[in-house]
Each structure stands twice: as structure tokens, then as C-alpha cells.
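Just so it is clear: chains get the letters A, B, ... in the order the sequence lines come, proteins before strands, and each one is counted from 1.
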Amino acid sequence: MNIEQLEEIIRELTDGFDAENFIYDLLLAYELPKASITRLRKGTSNLGKGDCDLLWKNRVCYAHHDSADLHGLVDQLKSNSRVKSAKPRFVVVTDGETLLASDTKTDDSLETPLSDLAKHFDFFLPWAGMEKSQLRSESVADIRAAEKMGRLYDLILESNPPKTDTERHSLNIFLARLLFCFFAEDTRIFAEDQFTKAIDSHTAPDGSDLQQYLTRLFKVLAVEDRRDLPKYLADFPYVNGGLFCDEHPVPKFDVQSRKIILDCGSLNWRDINPDIFGSMIQAVVHSSERGNLGIHYTSVLNIMKVIEPLFLESLRAELDKAGSNRKKLESLLERLYRIRVFDPACGSGNFLIIAYKELSKLEIEIFQRIYGDQQSFQFESKIQLTQFYGIEIDGFAAETAKLSLWLAEHQMNLAFESVFGSARPTLPLHDGGHVAHENATRIDWEEVCPSDSENEVYILGNPPYLGGKSQSAEQKSDMDLVFENAKNCGQLDYIASWFMKAARYVSENANARSAFVTTSSICQGSQVPQLWPLVFRLGVQIHFAHKPFKWSNNAKGNAQITCSIIGLANQPDAVVIYDDHGKRNVRFINAYLAPGVDVIVAPTAKSLSALPTMITGNNPYDGKNLLLTSPERESLLAKHPEMEKWIRPTFGSSNFLSGIDRWCIWLEDEDVEAAMKIPEIAKRIDKTRQFRASGGEVARGLVSRSHQFRYTHTAKSNSIIVPAVSSEKREYIPIGFLDNRAIILHSAMAIYDPPPWVFGVVSSRLHVTWVRTVAGRLKTDLRYASALCYNTFPFPDLAESQKQEIESCVFGVIDSREEHPEKTLSDLYAPSKMPGSLREMHQRLDETVERCYRSKPFKDDDERIEVLLQRYSELIIRGSKADA
DNA sequence: AATCCGACAGTCC
DNA sequence: GGACTGTCGGATT
């Protein structure tokens with residue numbers, strides 16, 4: 001949703017107020033579903049029935065009365081029983097002049113002349129799914145400004161397309177300078193509206209001389225000498241070198257682009273929040289990311305989750321200990337000035353800005369403790385932007401980061417002034433942050449942020465996540481460089497580069513520590529054995545970790561990802577695990593972000609415990625042409641009953657768990673000739689061929705046998721199916737037996753022709769506990785992989801009698817499931833719905849399986865995992881000895 | 001030859 | 001619109 005458009009639409013609605021349609025058009029403006037509104041307009045789904053003009057469940061209750069006591073009307077509607085049961089989010093009433101609205105969830109109310117409604121558009125944003133708590137007023141300002149800047153950027157690009165990197169760089173700098181001027185004239189760096197007014201009155205409306213004017217002005221801002229300048233330029237203060245020193249060409253303008261500059265100037269930049277504004281601007285400027293404004297910027301909450309454990313908690317602890325002891329406070333100040341904050345993927349600088357602000361707040365607190373409120377003293381912050389370092393691959397973001405740091409410095413100067421009555425002057429600008437426009441995976445970090453035994457270096461940030469298959473060729477070669485072509489690293493996420501480089505930096509500097517927000521997947525499943533042995537080999541430890549949490553920020557569409565935060569240190573003084581509920585001190589954090597045992601489980605091709613082979617199900621590679629739904633199968637069979645023998649029941653994870661029938665065309669080579677005579681089959685095979693021919697390398701290799709799946713594994717008598725992904729909420733992973741007609745798809749694992757007791761092993765609580773530790777995840781759900789979960793599972797050799805005991809329990813489980821033929825496995829294994837009898841049968845099975853390990857029952861899952869890891873380590877050692 | 005992954009993706013209410 | 005829960009192609013091993 002575009003906020004500017006929204007405002008515009010509402011303005012039109014109120015300017016030409018149309019009593020009949022007003023409320024419907026208002027709802028449409030918030031992008032509520034058109035079809036529903038059409039139905040409401042017709043009256044068919046309006047629940048109002050005379051009490052009000054419109055009543056829409058969960059959304060709105062609306063009434064229009066020309067001469068009504070609006071407050072009375074709202075109260076009356078709110079207490080009406082029909083309205084109550086419809087639970088409308090808003091009750092809206094108007095007399096055609098004034099509009100009164102009440103938010104039933106937050107109890108906020110809005111009373112405004114109808115003509116001013118557009119100004120209060122944010123009141124109804126919950127209709128569009130944006131809650132007020134998520135959308136603070138300053139972020140409305142941010143979004144509005146970002147959208148305007150995006151338009152300006154487009155226009156400038158159109159008439160000044162950059163041809164070279166130098167030109168692109170100049171354009172970035174120009175925009176950063178422009179932003180500075182907008183901000184400056186609203187926050188007392190310049191005189192009020194000085195910049196916009198100057199353009200308005202000193203340049204031609206057609207934009208023709210704006211380029212010349214800005215070129216001159218930017219030059220003037222960089223020189224101290226104000227003599228020999230016309231007054232309208234001399235009135236601007238000296239800003240300095242940093243931002244304005246080099247000469248960069250200013251783009252050409254026309255009527256439109258000049259007008260947008262003036263529009264931008266009229267926005268209220270005082271409310272802009274440099275923490276996130278930079279990210280929004282960046283998103284707007286990169287058209288590919290437009291529409292998901294700032295989807296990847298890190299929320300302040302998540303930034304705090306990084307910087308608090310990394311250094312803030314330690315600084316605060318030192319402050320507490322210092323109390324009012326002047327000496328200790330002064331030494332803490334010295335420590336503040338020795339801190340270096342380094343974000344090697346800084347984007348537009350969010351982390352650096354928040355870190356800067358937090359350190360400044362701490363400095364203010366210390367000053368207050370030392371000097372009280374002695375107004376006479378000249379307090380000046382001694383925290384320098386030069387303590388902040390960044391690397392950013394995108395040129396525009398790098399410029400925005402530098403600029404945002406200056407803006408943040410100015411904001412903190414104002415904060416200083418409001419506490420102490422004076423502060424260091426913002427102008428001329430001090431030296432800025434060290435933000436290198438470089439590829440962080442390539443450049444030596446010491447070159448950007450040199451370590452120094454005197455200083456404390458904190459490396460932090462939220463580097464980019466890109467799975468092994470989503471990386472570009474260049475990013476792949478970045479990875480090769482960082483990992484020095486180490487073996488079996490090809491599937492690592494791109495972010496692993498940052499961990500590797502941080503580990504190297506930290507391992508060489510006792511005073512350096514790092515912490516990144518990361519995709520959780522580097523601590524799960526197959527990436528663990530790829531990355532962490534290399535990190536731990538450097539002598540680095542995880543000194544704190546935040547357990548996986550769902551990514552969220554205030555952007556419209558949040559990224560679909562589960563994150564963790566991981567801190568690395570050389571010699572940690574404490575090791576702490578955080579989750580959403582709090583923190584706890586532990587002795588050691590392993591690569592799975594679990595406390596305790598230092599074990600990494602590597603995938604193996606064969607079961608370490610000699611369990612029968614489990615392999616991935618058959619991957620069809622058919623473009624959905626060899627697979628059939630039940631109706632498709634029935635209509636085929638109606639015409640060609642002889643096809644029955646070539647149609648097999650088919651199971652992936654999903655339809656196995658939810659009990660939906662699926663089918664596939666399954667032909668042996670010798671069947672092809674006969675089958676091709678049936679036009680429907682010939683058509684499907686041909687479509688499969690076309691699909692494969694236009695696919696990747698693997699697909700093209702399968703063109704010549706398009707009548708078959710990529711793999712054609714089947715059971716002689718029966719098989720066990722294990723879903724590849726299963727909800728983490730289930731106590732057990734639901735697995736099942738299938739007959740020899742069944743085809744298992746590659747969204748599930750298969751053991752063909754197994755002895756029945758294996759079902760008991762894989763179903764057992766002991767095994768699920770193992771899987772929860774070592775498996776990869778899809779969000780937080782378990783992802784079952786044979787090489788990681790099954791082949792690594794340590795299981796004792798069984799006597800025949802033990803196998804029989806387990807088998808009898810297995811049949812108990814099966815029988816108990818069959819007592820509920822109407823229920824799907826998904827129903828049966830939902831934790832809240834699991835039938836008591838089934839749970840009992842599983843418990844009996846668990847006890848039997850666990851007795852294979854030892855006679856004494858296990859106390860809890862912690863003990864189970866400890867014993868399993870212990871046995872795993874022994875198996876690995878025995879295995880490596882056997883190899884040698 | 002077989003795998004394990006996805007700044008995810010489809011479905012349901 | 002968000003709660004819920006697992007597809008499918010394929011570069012890598």
C-alpha cells in the first residue's frame with residue numbers, strides 16, 4: 001500500500017463527499033477485498049439491519065445521520081447487541097461535517113472535520129493489517145519520505161542515466177547531500193526551511209538552473225570563507241569537508257524533479273528516524289526491492305538483542321559497580337572512548353547508529369553521575385564517529401550509512417543539550433564513520449578496522465543470507481576464497497563467510513568479539529559439520545547465542561525466515577544462552593546452540609548401527625504430468641479400465657500425513673509400447689518430455705526416459721515411509737507401512753522391505769529426541785534426512801527376542817491407529833488430539849526400545865540425548881580406528 | 001547415484 | 001492476513 005496514494009484518495013473522498021458511497025470507497029482505499037465490498041454495497045452481506053448503515057463482521061460499523069449527537073450515537077452503537085456480536089474493529093459515525101471513529105481494540109478515538117480525514121489516515125491502518133504498535137508515528141514519516149525520495153530518484157535517473165561507476169557514485173553522493181540538507185533545515189543545523197526556500201526563490205520554476213545553483217551551493221557548504229559571496233549563499237553555514245569536500249557533478253533537473261525536491265523539503269524531516277530511514281531509502285532506490293520496503297532491515301529490537309550481550313550489558317555492569325565513584329566512572333569513560341564498533345555488512349548503518357546512540361546515552365549517564373547538573377560546565381561528548389567502522393558492498397547504502405551517522409551525531413548533540421544545556425556544535429561536521437565501499441568477503445577486515453591491543457573491537461551486524469543454491473557465481477567464488485577451497489563447504493550459506501572471517505579476526509585479537517544475526521540453518525543439520533569444525537579449530541568459542549526466533553520488522557512483508565544470534569569470542573568470561581523468555585548461564589554452547597556436550601554430528605552414507613538402508617523417495621521430475629489426483633485417475637480409468645495396472649498409489653509427506661489419495665503413472669520399460677497407444681498417457685509422457693527438455697542439467701538428462709520418474713525404487717513386499725518434514729509440535733514423527741504397490745515420493749524417506757522392528761526404532765521417542773538435536777529444519781519444523789538423522793543414530797545390536805518384543809509393540813501402535821479409521825495421521829499425532837490409547841501404545845514402545853540400551857529408565861530427554869551423544873562419539877571413534 | 005536445502009511456499013480459515 | 005505445515009528442482013557430493 002502506498003501511503004501517499006492512500007492520503008490522496010481519502011482527500012478526494014472527503015472533498016466530494018458522497019453520502020451513499022463514502023464508507024465503501026473508504027474501505028476500498030485500505031485495499032480491503034473488492035468482491036466483499038461489492039456484496040456489502042448491494043446489501044446482501046450487510047449485517048446492519050436498520051441499526052446502522054453498514055455492519056461488517058470484524059471490520060466496521062458505520063452510520064451517517066445529518067443531525068446527530070455523534071458521541072451518543074457511537075455509544076449507542078457500541079452497546080447494540082447485533083453490533084457487539086459482529087465485533088467490528090472500528091465504529092465510525094458522521095454527520096457529513098465531522099467524523100467520529102472509535103477503535104474497539106485499542107479504545108482510541110478520532111474526532112475530526114471530515115475535510116481533514118486524510119491527515120488521520122493512519123487511524124484506520126489496522127484495516128490494512130498494520131497495527132499502530134508496529135507503525136509508530138515516526139515510521140509513517142520515514143515511509144512517506146522514502147517514497148518521495150524514490151520518486152525523485154526515478155526522475156533523476158530518467159534524465160541523467162549514469163553510464164559509469166563514477167557517475168553512479170556521484171549520484172549516490174548527490175542524494176546523500178540532498179538528504180542532509182532536508183534534514184538540516186528541519187533540525188536547526190540550517191535556519192528553518194533555509195534550503196527549500198532558497199531553491200524556491202532563487203531558481204527558475206522550470207528547473208533549468210537548479211543544477212548550476214546546487215553545484216555552487218554544495219561548493220559553498222565545503223568552504224569556511226564566507227567573504228565575497230552573495231548573501232543568499234553566505235547565509236548557509238560552513239558544513240565541512242567530509243560530506244561536501246569532493247566535487248561531484250549535480251544532475252540536471254526539470255519542472256517535475258524540481259517540484260519533488262520542494263515537496264521533499266516540505267516534509268517534516270525532524271521526525272525521521274535515521275535508525276531505519278536509511279534502509280527504507282535504500283530499498284526505494286533499488287527498484288528490485290521496491291514494494292517490499294525495507295524487508296531486510298534489522299528492527300531496533302533485534303539490534304538490541306545483538307549489542308546488549310555483546311558489550312552493553314558489560315558496560316552497564318561496570319557502571320553499576322562504579323556507583324558514584326568518580327575515579328571508576330572516569331575509567332569507564334576512557335573505556336567508552338576505546339570501543340570500536342565494526343559492522344562488516346553495514347547496509348545503511350542501522351547497527352552502527354544504534355550502537356552509537358547507546359554509547360552516547362551511557363556517556364550522558366556517566367557525566368550526570370560525575371558532575372550532577374552543574375549547568376556552568378561545558379559538557380562535550382567525546383565519543384567520535386571515527387570509532388565506528390563498516391563495510392558495505394552497495395555504494396548508495398555506504399553513503400547513506402556515513403550520512404546517517406552524522407545525523408545520529410546531531411540528534412545526540414541535541415539530546416546532550418537538553419540534559420546539560422550545552423553540547424558540542426554539530427557544524428562543521430566532525431570526521432565521519434569509516435565506511436568502506438567494498439565486498440566484505442574479499443577485503444581484509446584488518447584493513448578497514450585495524451585491531452589494536454588498546455581497543456575493544458565489537459564486530460556485529462546482520463549479513464546477507466543466501467543458501468548454497470541461491471548464490472551467484474561470484475558469490476560462490478567469494479565463498480571459495482574465504483573457505484580456502486576446503487572440502488564439503490559448497491552448501492554453506494553465504495553468511496558463513498562472515499562467521500569465518502569474524503572467527504579469524506577474533507581468534508587473533510583477545511579484545512575483539514563478534515555477534516551476528518543469522519539464519520538458524522547454519523546451526524542445524526548439514527551446515528553444522530561444514531562450518532563449525534573450521535571455526536572451533538581457530539580456538540574461538542560461542543560466548544552467547546540467542547535461540548531461533550521468527551524474523552520480524554515493521555516492513556510490509558516480513559522475510560519468511562527463522563533467525564538466531566551467535567556471538568564469538570576468544571576467551572569468554574561467561575557463556576550465556578538467550579531465548580524469548582530470558583537468559584541462562586551455561587558452561588558451554590555447542591554448534592547446535594545447545595548447552596553441554598561438544599559434539600558435531602556429520603552425515604554418513606550408511607547406518608553406523610547397521611540398520612537397514614533408508615533412502616529418499618522417488619523424485620518424479622514430471623512437471624506434474626505423471627502424477628494424478630483422484631478425480632484425474634477416475635476419469636482416466638472410466639475411459640481406459642485396462643490402465644489400472646499402470647496406476648499406482650503415491651505418497652509424499654503431505655498426502656501421507658493428511659490422508660489424501662494421490663496416484664501416478666508407473667511404467668516399466670516393456671510397458672511403454674502398449675501404454676503409448678492410449679492417447680492420454682502419450683500426452684502426459686510428451687508433456688513430461690517437454691518439461692524436462694526445458695529444465696536444468698538433471699532434467700535434460702532424463703528426457704529419453706520421460707515415461708518414468710527420475711528414480712524408480714519400489715518395495716518387493718512392503719516399505720516404511722518417513723515424512724521428510726514434520727511439525728515440531730508432534731511428540732512423534734508419524735511414520736507408516738505401505739504395500740508393494742505404493743510409490744514413495746522424494747518428499748518422504750523410504751526403507752524398502754524392512755524388518756518390522758525398524759518401524760519401532762524410528763517411531764521411538766529416543767529417536768525423535770536424536771532427530772530434534774541433529775536434524776535440519778524448515779522454519780522450526782523437523783526435516784528428516786537419512787544421512788543425518790537415521791544413519792547417525794546409535795542403536796545397539798538386538799537379540800532376536802528383543803526384536804520380537806519391539807515388533808509386538810509396533811503392531812500395538814498400528815492397531816491403535818486403526819481404531820480411528822476416520823482420522824488422518826495428522827489428526828492422530830496432533831499433540832492436543834492424540835488418542836490416549838495411541839499414546840499408551842507409543843509409551844509401551846518407547847520403554848521397550850529404551851530397554852535395549854539399558855535396564856534403568858531414562859530420567860528425561862536431557863539424559864536421553866547425553867547417552868545417545870556418548871554412544872555416537874564411541875561409534876565414530878571405533879569407525880575411524882577401523883578405517884586406520 | 002542420491003542428497004538436503006530454500007531472507008520459502010502453498011493452503012486453510 | 002496470518003496460522004499452519006510441508007513441495008520440488010538440482011548443484012553438490
Less than 3.5 Å apart, any donor N or O on the side chain of [X] or [Y] sitting next to an acceptor on the other?
X: A/T688; Y: A/R684; answer: no
X: A/S520; Y: A/S564; answer: yes
X: A/S521; Y: A/Q524; answer: no

Original post:
On a plain distance test, is the side chain of A/Y711 in donor-acceptor contact with the base of B/dA1 below 3.5 Å?
Top reply: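 Absent.
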
Please output the side-chain donor-acceptor pairs of residues 609-616 of chain A that fall under 3.5 Å, not counting sequence neighbours, one pair per line with the distance.
from: A/S609; atom 1: OG; to: A/F793; atom 2: O; distance (Å): 2.7
from: A/S609; atom 1: OG; to: A/F795; atom 2: N; distance (Å): 2.8

Taking OP1 and OP2 of [N], is either one under 4.0 Å from a side-chain nitrogen or oxygen of [X]?
X: A/H713; N: B/dA1; result: no
X: A/T616; N: B/dC4; result: no
X: A/S470; N: B/dA7; result: yes
X: A/K779; N: C/dT5; result: no
X: A/R730; N: C/dG6; result: yes
X: A/S521; N: B/dG6; result: yes

Original post:
Base, sugar-phosphate alone, or nothing: which one does A/N618 contact when heavy atoms must sit under 4.0 Å apart?
Top reply: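 No contact.
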
**OP:** Mind checking A/T519 for me? I need base, sugar-phosphate or nothing, with any heavy atom below 4.0 Å counting as a touch.
**Re:**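 Nothing, no nucleic acid heavy atom in range.
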
**OP:** Would you please name every residue forming a side chain to side chain donor-acceptor pair (under 3.5 Å) with A/T441, sequence neighbours left out?
**Re:**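 Expected list: A/N439, A/D478.
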
Original post:
Reading DNA chain B 5' to 3', what string of ( ), [ ], | and . shows its pairs, if Watson-Crick and G-U wobble pairs count only when both distances fall under 3.5 Å?
Top reply: ||||||.||||||

Subject >> Spatial distance of atom CD1 (A/I354) from atom CD1 (A/I303) [nearest 0.5 Å] >> reply: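 Nearest 0.5 Å value for the CD1-CD1 distance: 5.0 Å.
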
Original post:
Relative to A/F549, does A/K305 satisfy both conditions: NZ or CZ under 6.0 angstrom from the six-membered ring centre, and within 45 degrees of the ring's axis?
Top reply: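 Because its charged atom sits under 6.0 Å from the ring centre and within 45° of the axis, A/K305 does stack over A/F549.
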
**OP:** Run the salt-bridge test on A/E728 and A/R783 with the 4.0 Å N-O cut-off and return the result as yes or no.
**Re:**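 No, A/E728 and A/R783 are not salt-bridged.
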
Original post:
Any idea which of C/dG6, B/dA9, B/dC4 is nearest the A/P603 side chain?
Top reply: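 Nearest listed nucleotide: B/dC4.
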
Taking only N/O atoms, report every protein-nucleotides 11-13 of chain B pair under 3.5 Å with atom names and distance.
none

Subject >> A/L55 side chain reached by A/P88 side chain, heavy atoms, under 4.5 Å >> reply: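 Contact flag for A/P88/A/L55 side chains = yes.
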
Original post:
When you compare C/dC4 with B/dG6, how far apart are their P atoms, in angstrom units rounded to a whole number?
Top reply: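 Each nucleotide's P atom is 22 Å from the other's.
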
Original post:
Reading nucleotides 8-13 of chain C from the 5' end, what letters show protein touch, with B for base, S for backbone sugar-phosphate only, - for no heavy atom under 4.0 Å?
Top reply: BBBBSS

Original post:
Looking only at heavy atoms, what is the nearest atom pair of A/V768 and A/I733, with distance?
Top reply: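 So the two residues come closest at CG2-N, 3.9 Å.
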
Original post:
Taking only residues two or more places apart in sequence, or in another chain, which ones meet A/K833 in a side-chain contact (heavy atoms from CB on, under 4.5 Å)?
Top reply: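 With neighbours one apart ignored, the set is A/D827, A/A830.
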
